[in-house]
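Each remark here refers to the structure printed beneath this line.
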Amino acid sequence: MPVTLSADKRETAERPDPDLDLIRELARILSETGLSEIEIGEGDRRIRVARQLAFAQIAAPGVAMPGPSSLPAAGQAAPSLDASHPGAVASPMVGAVYTAPEPGAPPFVKVGDQVSEGQTLLIIEAMKTMNPIRAPRAGRVTRILVENEAPVEYGEVLLIIE
Amino acid sequence: MPVTLSADKRETAERPDPDLDLIRELARILSETGLSEIEIGEGDRRIRVARQLAFAQIAAPGVAMPGPSSLPAAGQAAPSLDASHPGAVASPMVGAVYTAPEPGAPPFVKVGDQVSEGQTLLIIEAMKTMNPIRAPRAGRVTRILVENEAPVEYGEVLLIIE
Amino acid sequence: MFDKVLIANRGEIAVRINRACHELGIKTVAVHSTIDSEAMHARLADESVCIGPAPARDSYLNIPAIIAAAEITNADAIHPGYGFLSENERFASIVEEHGFAFIGPTPEHIAIMGDKIRAKETMRRVGIPVVPGSDGAVESETAAEAVAREIGYPVLLKAVSGGGGRGMKIVREKEQLASAFSTARAEAQAAFGDGSLYVEKLLERPRHIEIQVLADQHGAVVHLGERDCSLQRRHQKVLEEAPSPALNAMEREAIGSRVVRAIRTLGYRGVGTVEFLYEHGAFFFIEMNTRIQVEHPVTEMITGIDLVREQIRVAAGAPLGYEQKDIRFSGHAIECRVNAENPETFQPCPGQVTGYHTPGGLGVRVDSAVYQGYRVPPHYDSMIAKVIVHGQSRNECLMRMRRSLNEFVITGVETTIPLHLRLLANPDFANGEYDVAWLERLLSGGA
Amino acid sequence: MFDKVLIANRGEIAVRINRACHELGIKTVAVHSTIDSEAMHARLADESVCIGPAPARDSYLNIPAIIAAAEITNADAIHPGYGFLSENERFASIVEEHGFAFIGPTPEHIAIMGDKIRAKETMRRVGIPVVPGSDGAVESETAAEAVAREIGYPVLLKAVSGGGGRGMKIVREKEQLASAFSTARAEAQAAFGDGSLYVEKLLERPRHIEIQVLADQHGAVVHLGERDCSLQRRHQKVLEEAPSPALNAMEREAIGSRVVRAIRTLGYRGVGTVEFLYEHGAFFFIEMNTRIQVEHPVTEMITGIDLVREQIRVAAGAPLGYEQKDIRFSGHAIECRVNAENPETFQPCPGQVTGYHTPGGLGVRVDSAVYQGYRVPPHYDSMIAKVIVHGQSRNECLMRMRRSLNEFVITGVETTIPLHLRLLANPDFANGEYDVAWLERLLSGGA
């Protein structure tokens with residue numbers, strides 16, 4: 001283990017020579033006893049020897065176990081950041097998203113569109129069935145978070161209507 | 001957790017040299033007691049010893065796992081409650097304690113006795129050898145924590161001299 | 001071989017299947033409910049898909065969601081685990097209709113074995129013994145006596161239209177039959193307006209012994225011996241072992257080869273378990289489970305055969321590659337199911353696992369999806385871990401299980417570990433002297 | 001059998017021994033240093049005694065303290081584990097003089113095998129092959145040639161008084177011998193003032209293969225096959241497997257029965273390991289370890305024999321109860337040593353284990369004394385866990401080890417798990433093509 005011995009001596013005019021033998025002796029005591037630090041002060045004289053232990057990684061990560069954090073691909077957790085958004089429209093099912101009624105056709109909605117309650121926003125295909133996703137309320141589409149043909153999970157936020 | 005102990009008084013009036021024996025003694029107390037730091041100040045004299053090892057039980061595992069807590073008999077942890085007592089005399093070895101020089105004889109010391117440094121307090125038998133345990137300093141015996149013929153571990157507090 | 005398998009389950013069995021897939025070099029897709037997004041099965045899989053909210057009917061039983069998850073992840077097979085959709089013939093059909101391989105038997109076999117009456121008829125037809133009795137009602141005391149003579153006393157007289165024990169009489173010897181018959185007939189007539197009775201062999205203290213089978217799609221079938229699952233509470237298995245303390249090698253081989261012939265005749269594929277009641281040296285079919293079972297590890301330990309791997313391999317069309325004579329039984333194995341329950345009241349105890357440390361060392365296996373900090377959700381089964389030990393002898397297993405359970409630390413939730421330690425200290429259990437009602441008797445203070 | 005065993009060790013091996021004792025119904029006493037008061041081995045034992053401060057010389061190597069601990073706890077036997085006092089003949093003597101059983105061989109056998117020269121002479125005497133060469137110095141080129149012809153090229157010419165490679169020459173064929181001999185002689189003369197040379201067989205890329213033996217006190221001896229421990233870094237074993245990819249059953253039986261005869265002749269008792277270098281089909285004795293070894297689990301996995309239990313049983317005077325023909329080898333096993341070290345620089349990394357989750361499931365065994373929250377002290381060995389897998393084939397083991405190491409969570413300290421994953425992905429390793437220098441070559445970028 002890497003050992004650094006640091007002696008910081010406060011020398012004064014009256015005592016120009018630090019007591020090197022004493023420092024050596026203290027260092028010896030340090031390693032004998034397994035201490036990490038010895039400090040001696042007397043009047044305005046002060047000697048401190050310390051041993052920085054490389055393994056002193058005391059900084060424990062505030063939380064206990066993060067669970068098997070180092071594990072491979074974990075869940076792309078369904079509720080993403082935007083799930084808490086009051087205007088979030090979350091997917092009610094697993095499937096593939098279609099943003100337009102058919103290939104080449106214009107999309108059901110674009111960012112900035114005003115939509116009315118019940119209006120079709122997207123289609124999600126699951127088990128070869130096309131499921132229209134309708135606006136839960138009237139409002140303006142401020143974000144669309146999914147691309148055409150993208151797979152979505154249950155609870156994943158599709159778009160935001162404000 | 002830095003802990004400061006009140007000074008164990010050793011006269012220094014005419015002594016310009018730090019008391020290396022005292023440092024060793026403090027180191028021993030440190031390891032006996034599991035403290036991480038001891039600082040002594042008297043007048044303009046000051047001695048501080050610290051042990052900054054990773055195992056210093058800093059981050060009290062209050063929340064985290066208490067380890068296999070439900071497990072059978074765990075160590076009768078060497079440093080008991082009294083280990084932190086400044087007058088504690090800890091066992092320097094494993095063995096069986098004898099409180100008297102021979103069966104039927106009066107004990108070496110009783111609670112309330114005044115003892116001088118170097119006086120025999122107890123005997124510890126290990127490997128058929130009788131090891132006298134001597135008073136590390138003068139003082140009054142305020143507690144005796146072991147009974148005759150009791151087994152003791154290394155670091156277990158035997159008695160307290162104040 | 002498959003490239004990617006979707007695991008339509010959760011908990012320890014999903015983790016178990018994930019391990020088998022990874023050891024075969026197969027990628028995995030976990031599906032999970034919203035409450036399981038941090039669950040071990042979702043963490044360990046290569047991909048995971050949230051398929052619905054916590055209630056199982058909306059997630060783990062949600063067929064469209066699971067099929068859609070397989071579609072969007074391009075999985076090529078689906079493993080159903082146990083419970084949930086594992087014995088749902090409709091699910092198996094839909095999986096296959098959508099072009100995925102179902103890691104299990106054909107929907108037809110699931111359907112047959114899912115219907116108790118059809119299952120019993122089918123198995124009898126292929127030579128598997130069922131509980132003997134009269135074919136339907138017996139017209140007279142004389143007819144009843146003829147049946148009883150054939151099947152042997154004691155017998156049970158039961159009302160054809162009956163239920164709840166009324167119109168039911170135990171007959172221990174011929175001399176009792178006349179009076180029992182008239183009493184039961186009168187009771188049945190009074191209770192159900194129908195005095196007709198049938199006769200069935202009475203099993204007084206049977207053991208639950210089941211035979212593990214494994215079949216490929218090319219006609220190869222082997223049995224992997226039995227498991228004794230007699231330790232039950234409310235028809236839930238608590239502790240299982242193999243071999244059974246009640247069977248010898250000849251009995252094992254006799255029932256095993258009979259089951260193998262039946263399974264081959266049925267053209268069954270994959271893993272399966274034929275469950276029997278066993279009493280006085282005779283086996284009586286109860287039901288067949290057409291899936292991997294909770295207690296499969298005890299068989300793996302004594303045969304060295306990875307049942308889940310084999311299940312996946314044969315589902316992919318691979319041949320078994322070995323025969324009955326290659327199957328060797330080595331030593332003994334015991335499994336304890338650890339439930340998050342109060343060990344006395346059996347009240348489920350979901351909540352956060354604040355401390356978790358599994359036993360290790362020689363001959364010890366833990367199958368679990370728990371980790372320190374995990375929250376056991378209240379929505380699903382309370383089984384949170386299985387401890388399986390293997391040893392050269394049953395006694396070695398008992399000692400090993402005891403020390404393993406003493407090492408197992410689970411804090412934050414109550415578990416049934418104390419119950420298992422109590423079982424291990426019981427002399428009847430140590431002697432292997434128990435039957436399907438033994439544990440209930442013990443728990444009610446009667447054993 | 002013993003009533004109470006004192007375990008004079010720490011870490012995973014102390015835990016391992018504790019498990020074996022408890023499974024035999026034997027009570028245990030742990031000894032520990034002050035820094036180990038919360039260590040797993042102290043927690044699991046029935047009793048524990050603090051024997052001194054952290055430095056090993058004051059605690060785990062402190063013979064009086066250990067003997068006193070055995071005295072105050074009324075233990076009747078002492079198990080030394082590996083390392084520390086396990087091969088200290090003086091300790092073994094003192095243990096026996098104080099009336100305790102020493103769970104290991106006699107002090108005499110420890111002494112013989114602890115002295116490399118005596119060990120080699122002793123083993124040669126009982127028929128164990130050692131590195132062949134001349135008996136002492138060869139007087140002339142002709143004499144050297146005669147030896148070389150007998151032992152086969154390549155050979156090494158070495159200065160009798162030499163060291164550090166001077167006066168050493170490799171001779172690959174007869175034609176090179178004359179000039180090599182005179183050069184080496186001149187070098188030796190110049191360097192050491194002594195030109196005398198001896199001849200030894202050159203092993204260029206040997207494997208480290210060791211034979212596990214087990215002997216009772218009644219003359220019964222068996223071998224449990226070999227372990228291949230060629231994967232080493234700075235003479236420290238990193239990964240071990242059994243069987244060796246280099247041996248076939250005939251070779252195994254040949255060396256095994258030779259070792260058994262030797263051990264029986266020596267009258268050795270307990271477990272022991274005879275270590276060899278192996279090259280081109282030939283074995284050359286290196287040393288014998290007279291204790292249980294770190295890598296003993298791989299042998300346990302393929303034989304089903306609990307070596308520590310057997311060690312305790314035979315120390316108590318019990319007979320083996322089986323013979324060589326009863327030993328069956330089943331499948332394959334691999335062990336990875338997980339060290340708290342940087343996986344590239346191998347700098348030790350003690351500290352607090354903030355997260356710990358062990359792999360589970362079929363065929364996986366973890367031997368460790370670590371738990372979540374445990375602080376790995378800087379005073380002792382850096383090995384903190386062993387992962388052992390068992391499977392029907394070597395390839396199954398490779399896949400199982402990979403998935404197990406991927407499941408193994410250790411946070412807070414660095415570990416060598418990434419090194420093992422790198423080994424498992426290496427094609428030479430996958431093919432079993434490695435020797436004692438292979439890992440060093442790989443790490444230095446040369447393999």
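So that the names make sense, note that chain A is the first sequence line, chain B the second, and so on, each numbered from 1.
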Drop me the distance from N62(C)'s CG to Y154(A)'s OH, to the nearest 0.5 angstrom.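 The distance works out to 9.5 Å.
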E71(C) CD to E125(A) CD distance, which is reported to the nearest 0.5 Å: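 Separation between the atoms: 6.5 Å.
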A quick test of your reading: do over 12 heavy atoms of other residues, nucleotides or ligands sit less than 6.0 Å from CZ of R90(C)?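 It does not: R90(C) CZ has 12 such atoms or fewer within range.
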Test side chain to side chain contact (heavy atoms under 4.5 Å, CB included) on E97(C) and K128(A); report intermediate values, then the result. CA-CA 11 Å; E97(C) 282 159 17; K128(A) 317 294 175 211; over 6 Å; no
Taking all atoms of both residues into account, what is the closest heavy-atom pair of V94(A) and I51(C), and its distance?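 Shortest heavy-atom contact: CG2-CA, 3.6 Å.
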Nearest atoms (heavy-atom pairs only) where I94(C) meets M127(A):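 Distance-wise, the nearest heavy atoms are CG2-CE, 3.4 Å.
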Could you walk me through whether I72(C) and E153(A) pass the side chain to side chain contact (heavy atoms under 4.5 Å, CB included) test, one step at a time? CA-CA 9 Å; I72(C) 64 171; E153(A) 301 183 281; 5.6 Å; no
